[in-house]
Amino acid sequence: MGLSEHKECIAMLLAGGRGSRLKSLTEQLAKPAVTFGGKYKIIDFPLTNCVRSGIDTVGVMTQYQPLLLHDYIGKGQHWDLDILRGGVWILPPHSKPGSTVWYSGTANAVYQNQDFVDTFSPEYVLILAGDHVYKMDYSSMLDYHKNVRADCTIAVIEVPIKDASRFGIMNTALDDSITDFEEKPINPKSNLASMGIYIFDWRVLREYLNKDENDPESSHDFGKNIIPDMLSDGRRLFAYRFDGYWKDVGTEESLWQANMDLLDDLHLGFENWNILSRTAGSPPHYISPTGSIKNTLITEGCEIYGKVENSILSVGVIVEEGAVVRDSVIMENARICKNATVDYAILDENTIVEEGAAVGEPLKDGGKLKVCERGTVIERQATYRRRRSDLD
């Protein structure tokens, strides 16, 4: 490549998943590009964590609906990753002799980019997911990895046992060495969950990636294949316990809940760790004399003429006079027209709730979360249609 420089540790960020559990929210864009907290994208969190942790080389592996994500990341200048020897690199699937074009799994994605990793001759590789909201100093995890002489270290967090089947679940010995690991078990044996954050010795990982790629029965996945294979071979795997805020926002409900968590703790424990993002540069928000807000985050460019409670409003949202928004997440450039009502909902970008229309059911009455896809028009009769511009 001509720009190589030895790095102790580089990051490989998995950002190519379809995000099918977010349903309509990811029909037109990759999950890491989904808006969070009014002004951020989900990918802002791992990118910021890398910079704050002193990791200045990040390979972002993209695949599904990558265009908007590529445009958002750009050259990485918004995260101070626009450096000559390192920085952020977009790594879409590419054709190589004897390999498939598409990434066939998380492990295969890294396997296809071994040449990129080798360019920087790292001792360690940090593997990250692009669909989590959290603040973490990866340098502390790396120190732990080196101190315990691990071949692989997995960041873990305790989750409610009812949710454990959504994660990779492990058991550990007293020294936190991992004795058992199951990927999304039907009957989990514990509540110690993988955060999808791994540090590997690169020499060891490369060996297992090559072995896995030659296994026709493999799913080419870290949780299903690489980690169990390392365990069965007696490799040194350790759990790194994390006690801060962390949320997997891979479902509609978890995305809504993580946004609501901001209303309880504006910083989610992120004080002195500002999340970097690519901002819109819109005018300041405006609240008219007829407007009323309560326990709400309002982003730049918003205009509030109605009533908003317990909600997150993204850039450019307009709430007209007489309209009411409660317990909702409203994404960019949505408009809630006069005397309309929005309750317990996620409205994607450019949604219009027409005059007098209603969407969702009040949370206090036990309503079910309502999600409206990008460009939806909600008419007064509560019927749905797509805007002509989105159909053409």
Side-chain angles (χ1 to χ4, degrees), residues 7-14 17 55 59 61 99 103-118 120-129 132 136 138 140-159 164-186 188-242:
K7 303 283 184 179
E8 181 185 35
C9 181
I10 71 168
M12 299 293 282
L13 202 167
L14 297 158
I55 296 173
M61 293 166 286
S99 69
Y103 294 144
S104 57
T106 55
N108 175 259
V110 180
Y111 169 84
Q112 287 200 35
N113 288 289
Q114 288 184 80
D115 290 347
F116 169 79
V117 178
D118 285 336
F120 299 97
S121 305
E123 298 172 54
Y124 310 101
V125 174
L126 170 67
I127 308 295
L128 303 171
H132 301 149
M136 186 174 182
Y138 302 134
S140 296
M141 182 177 173
L142 181 58
D143 288 343
Y144 174 84
H145 176 86
K146 292 188 286 188
N147 289 338
V148 298
R149 295 179 293 110
D151 295 312
C152 170
T153 298
I154 303 175
V156 299
I157 193 168
E158 293 185 6
V159 299
S165 60
R166 291 174 46 203
F167 304 95
I169 298 296
M170 66 205 73
N171 290 315
T172 60
L174 292 177
D175 64 351
D176 276 334
S177 60
I178 298 171
T179 59
D180 183 57
F181 183 93
E182 292 182 280
E183 181 69 6
K184 299 180 180 179
I186 298 175
K189 299 175 183 178
S190 79
N191 68 335
L192 196 61
S194 167
M195 297 167 63
I197 302 168
Y198 316 115
I199 292 179
F200 291 92
D201 280 24
W202 174 233
R203 175 184 56 82
V204 174
L205 176 58
R206 181 166 46 191
E207 172 189 336
Y208 279 87
L209 290 175
N210 291 329
K211 174 184 173 184
D212 176 76
E213 190 64 23
N214 292 317
D215 180 0
E217 303 299 320
S218 176
S219 300
H220 308 304
D221 183 85
F222 280 104
K224 294 178 182 178
N225 306 111
I226 300 295
I227 291 170
D229 285 353
M230 293 181 71
L231 270 178
S232 66
D233 288 348
R235 292 288 187 173
R236 293 176 60 81
L237 279 74
F238 281 78
Y240 176 79
R241 294 178 182 265
F242 181 73

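The first residue in the sequence is number 1, and the count goes up from there. Bear in mind the structure is a predicted one, so any value in this text is a computation, not a measurement.
Closest non-hydrogen pair, A239 versus I178, comes out as N-CG1, 3.8 Å. The shortest heavy-atom contact between M170 and A193 is CE-C, 4.3 Å. The shortest non-hydrogen separation linking H220 to S218 is N-OG, 2.8 Å. When all heavy atoms of A109 and L14 are compared, the pair lying nearest together is CB-CD2, 4.0 Å. The two atoms that bring D212 and I226 nearest to each other are CB-CD1, 3.7 Å, heavy atoms only. Between A164 and S190 the shortest heavy-atom distance is CB-O, 3.8 Å.
Side chains of K224 and S219 form a contact here, defined as non-hydrogen atoms less than 4.5 Å apart. Contact of the N171 side chain with the L192 side chain is not registered, since no non-hydrogen atoms from C-beta on lie closer than 4.5 Å. Looking at heavy atoms from C-beta onward, M61 lies in side-chain contact with V110 at the 4.5 angstrom threshold. By the 4.5 Å heavy-atom criterion applied to side chains, T172 and T179 are not counted as neighbours. With a 4.5 Å cut-off on side-chain heavy atoms, Y198 and I227 count as touching. Contact of the L126 side chain with the L142 side chain is not registered, since no non-hydrogen atoms from C-beta on lie closer than 4.5 Å. At least one side-chain heavy atom of Y144 sits under 4.5 Å from a side-chain heavy atom of D176. Two residues are said to be in side-chain contact when any heavy atoms from C-beta on lie closer than 4.5 Å; I154 and F238 fail this criterion.
Rounding to the nearest 0.5 angstrom, the gap separating the OG atom in S104 from the OH atom in Y111 is 10.0 Å. Atom OH of Y240 is separated from atom OG of S140 by 4.5 Å, given to the nearest 0.5 angstrom. With values rounded to the nearest 0.5 angstrom, T153 atom OG1 is found 5.5 Å from M141 atom CE. Remark: C152 SG to R236 CZ distance equals 12.5 Å, nearest 0.5 Å. Taken from CD1 in I55 to NZ in K7, the straight-line distance is 11.0 Å, to the nearest 0.5 Å. For the atom pair CD (Q112) and CG (L209), the distance works out to 11.5 Å, reported to the nearest 0.5 Å.
Take D233 and apply the salt bridge (Lys or Arg N to Asp or Glu O under 4.0 Å) test, not counting sequence neighbours, and it matches K211. For F242, the ring pair (Phe, Tyr, Trp, His ring centres under 6.0 Å) criterion is met by no residue, not counting sequence neighbours. Looking at residues two or more places apart in sequence or on another chain, you find a side chain to side chain donor-acceptor pair (under 3.5 Å) between E8 and K146.
A centroid separation of 6.0 Å or more is found between the aromatic rings of F222 and F181.
Counting only N and O atoms by type, the side chains of Q114 and D118 include no donor and acceptor under 3.5 Å apart. In this model, a donor atom of one side chain and an acceptor atom of the other lie less than 3.5 Å apart for D221 and T106. At a cut-off of 3.5 Å, with distance as the only test, no side-chain donor of Y208 or D151 sits close to an acceptor on the other residue. Residues E183 and N225 have side chains that never bring a donor and an acceptor to within less than 3.5 angstrom of each other.
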Problem set entry | Intermediate values then yes/no, side chain to side chain contact (heavy atoms under 4.5 Å, CB included), F167 and I157 | CA-CA 10 Å; F167 304 95; I157 193 168; over 6 Å; no
For this session: Report the C-alpha separation of N113 and Y103 in whole Å, then their side-chain angles, then the decisive distance to 0.1 Å, and conclude whether the side-chain hydrogen bond (donor to acceptor under 3.5 Å, both in side chains) test is met.
Result: CA-CA 10 Å; N113 288 289; Y103 294 144; 2.9 Å; yes
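Judged purely by atom type and a 3.5 angstrom limit, D201 has no side-chain atom pairing as donor or acceptor with the backbone of R203.
Counting non-hydrogen atoms of neighbouring residues, nucleotides and ligands closer than 6.0 angstrom, the CD atom of E158 reaches no more than 12 such neighbours.
One finds no salt bridge joining D229 and R235 here, because no Lys/Arg side-chain nitrogen approaches an Asp/Glu carboxylate oxygen to under 4.0 Å.
Using a 30° and 60° split on the angle between ring planes, H145 and Y124 fall in the perpendicular class, above 60°.
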